[in-house]
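Heads up, the thing below is written out as structure tokens.
Keep in mind that this is a model prediction, so the values were computed, not measured. Just so you know, these numbers use all the heavy atoms, side chains as well, and skip hydrogens, waters and symmetry mates. Letters A, B, ... mirror the listed sequences (proteins, then strands); counts begin at 1.
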Amino acid sequence: MSSPVVAWFREQARDLPWRRPGFPAWGTLVSEIMLQQTQVARVVPRLEAWLTRWPTPADLAASPPSEAVRAWDRLGYPRRALALHAAATVIAEQHGNVVPRDVDALLALPGIGDYTARAVAVFAYGDRHPVVDVNVRRVLARALLGQGEPGPAKAKQDLRLMESVLPADRDEAAATNAGVMELGALVCVARAPACDACPIADRCAWRAAGYPAHDGPRAPKQARFAGSDRQVRGLIMAELRASDVPVTVDEVALVWPDAEQRARALASLVRDGLAEGDDASGYRLPRG
DNA sequence: GAGACGTGGTA
DNA sequence: TTACCAAGTCT
């Protein structure tokens with residue numbers, strides 16, 4: 001399946017910052033962490049600002065984690081900002097300020113899992129590894145397995161399946177990874193796939209079978225957000241980001257009426273290292 | 001391994 | 001308006 005996908009990718013790929021020639025490995029790492037569960041359009045502006053301010057891992061490590069969390073702004077899942085700051089510190093101190101190329105070394109960094117580690121090794125360094133995200137899983141499920149949706153993620157199986165379609169050549173393999181991912185993002189999308197524009201429509205198992213409805217196990221549904229602890233955490237974090245001085249519990253109380261839920265959210269933020277302080281002295285972002 | 005973890009766009 | 005979905009990771 002690689003060749004038509006690679007040809008399509010070379011024609012149709014979006015012009016994105018991390019695809020520019022000479023884009024640094026550090027930029028690739030930052031972009032991949034920002035892109036975890038977050039759309040490209042929301043990432044691009046934050047990424048550019050981030051790299052302007054912190055051109056290398058050591059630059060970020062020299063700033064307090066509070067500044068990383070502030071610069072993360074409203075990208076969501078702010079623990080990623082904390083993890084990125086921690087990863088930058090490790091890279092600066094233990095890797096000579098050079099983003100590791102080895103997948104296992106990358107996996108050892110906070111906030112970097114199976115996807116991000118291989119994405120950095122492949123997109124920043126051009127090495128040959130299978131890169132599997134939700135787009136890849138959906139394309140493979142349809143084209144190869146004849147299923148309308150990817151089931152629950154199964155890391156080892158998913159990696160093996162992608163490996164099975166990867167060309168031997170390094171550069172072709174990298175382009176295949178990027179191409180399958182881009183295909184899933186632009187054409188083979190979840191809701192209304194544009195099969196007329198698909199370079200492998202003529203060999204897609206799902207299309208050949210007449211688009212059968214999905215029957216196997218499904219990926220777990222996302223929990224309701226409205227009224228959740230996640231929402232409360234988000235509201236509190238917005239307050240902390242906006243303030244240079246500790247935020248009092250009375251001020252925190254203004255963002256959510258339920259005292260018990262507020263206390264729970266606050267405690268979890270402190271536990272996660274996203275906030276520090278207490279009811280007596282107020283709460284603020286972590287100063288490191 | 002199921003569930004927690006933000007935020008915003010789209011239908 | 002509700003529900004789904006988005007370049008996942010961690011516990």
Side-chain angles (χ1 to χ4, degrees), chain A residues 9 13-14 16-19 27-47 69 72-84 86-87 106-124 129-139 149-159 162 177-186 188-193 214 217-241 255 261 264-265 267-269 271-275:
Chain A
F9 180 69
R14 289 168 291 179
L16 297 170
W18 45 91
R19 292 177 179 161
T28 301
L29 175 54
V30 174
S31 74
E32 292 298 348
I33 290 182
M34 287 184 170
L35 286 164
Q36 292 169 4
Q37 297 286 282
T38 308
Q39 300 89 332
V40 167
R42 295 175 55 207
V43 164
V44 171
R46 289 291 99 220
L47 174 68
V69 173
W72 198 258
D73 198 31
R74 303 184 63 79
L75 275 181
Y77 292 145
R79 52 172 55 168
R80 292 182 291 166
L82 222 44
L84 180 53
L106 287 160
L107 283 170
L109 298 172
I112 297 189
D114 286 322
Y115 164 74
T116 305
R118 290 173 179 78
V120 169
V122 170
F123 301 138
H129 304 282
V131 178
V132 178
D133 73 338
V134 68
N135 292 305
V136 171
R137 296 200 315 108
R138 187 174 50 250
V139 171
E149 305 171 20
K154 292 267 175 270
K156 298 187 71 171
Q157 280 183 44
D158 296 338
L159 287 170
M162 186 58 186
N177 278 310
V180 173
M181 200 178 307
E182 188 82 339
L183 192 59
L186 298 183
C188 193
V189 295
R191 290 187 216 187
H214 187 72
R218 298 203 155 175
K221 265 198 263 190
Q222 203 169 63
R224 167 180 219 84
F225 179 69
S228 68
D229 285 4
R230 294 161 75 173
Q231 182 180 18
V232 180
R233 284 169 55 108
L235 292 170
I236 295 172
M237 286 303 293
E239 290 299 308
L240 301 192
R241 282 198 307 268
V255 308
Q261 198 174 12
R264 191 165 64 235
S268 75
L269 288 172
R271 184 163 59 246
D272 289 349
L274 284 165

Problem set entry | Where A:Tyr77 and A:Arg230 come nearest, the two heavy atoms and their spacing | OH-NH2, 2.9 Å
Problem set entry | Pair of N/O donor and acceptor under 3.5 Å linking C:dA6 base with A:Gln222 side chain | yes
Exercise. Atom CZ of A:Arg79 to atom C1' of C:dT11: distance rounded to whole Å?
Worked result: 9 Å
Exercise. Do other residues, nucleotides or ligands put more than 12 heavy atoms under 6.0 Å from the CZ atom of A:Arg224?
Worked result: no
Problem set entry | Which residue lies more 5' along DNA chain B, comparing A:Lys154 with A:Gln231 via nearest heavy atoms | A:Lys154
For this session: Just call it for A:Gly76: base, sugar-phosphate, or nothing, with non-hydrogen atoms closer than 4.0 Å on any strand.
Result: base
For this session: Using the P atoms only, state how far B:dG6 lies from C:dT2, rounded to an integer number of Å.
Result: 22 Å
For this session: For A:Asp272, report the nucleic acid contact type (base, sugar-phosphate, nothing); a contact means any heavy atom under 4.0 Å.
Result: nothing
Exercise. Which part of the nucleic acid, if any, lies within reach of A:Ala119 when heavy atoms closer than 4.0 Å are counted: base, sugar-phosphate only, or nothing?
Worked result: nothing
Exercise. If the P atom of B:dG3 is compared with that of C:dC4, how far apart are they to the nearest Å?
Worked result: 15 Å
For this session: Using the C1' atom as the reference point in each nucleotide, state the distance between B:dA2 and C:dA7 in Å, no decimals.
Result: 23 Å
Exercise. Mapping A:Lys221 and A:Val132 onto DNA chain C by nearest heavy atom, which one lands closer to the 5' end?
Worked result: A:Lys221
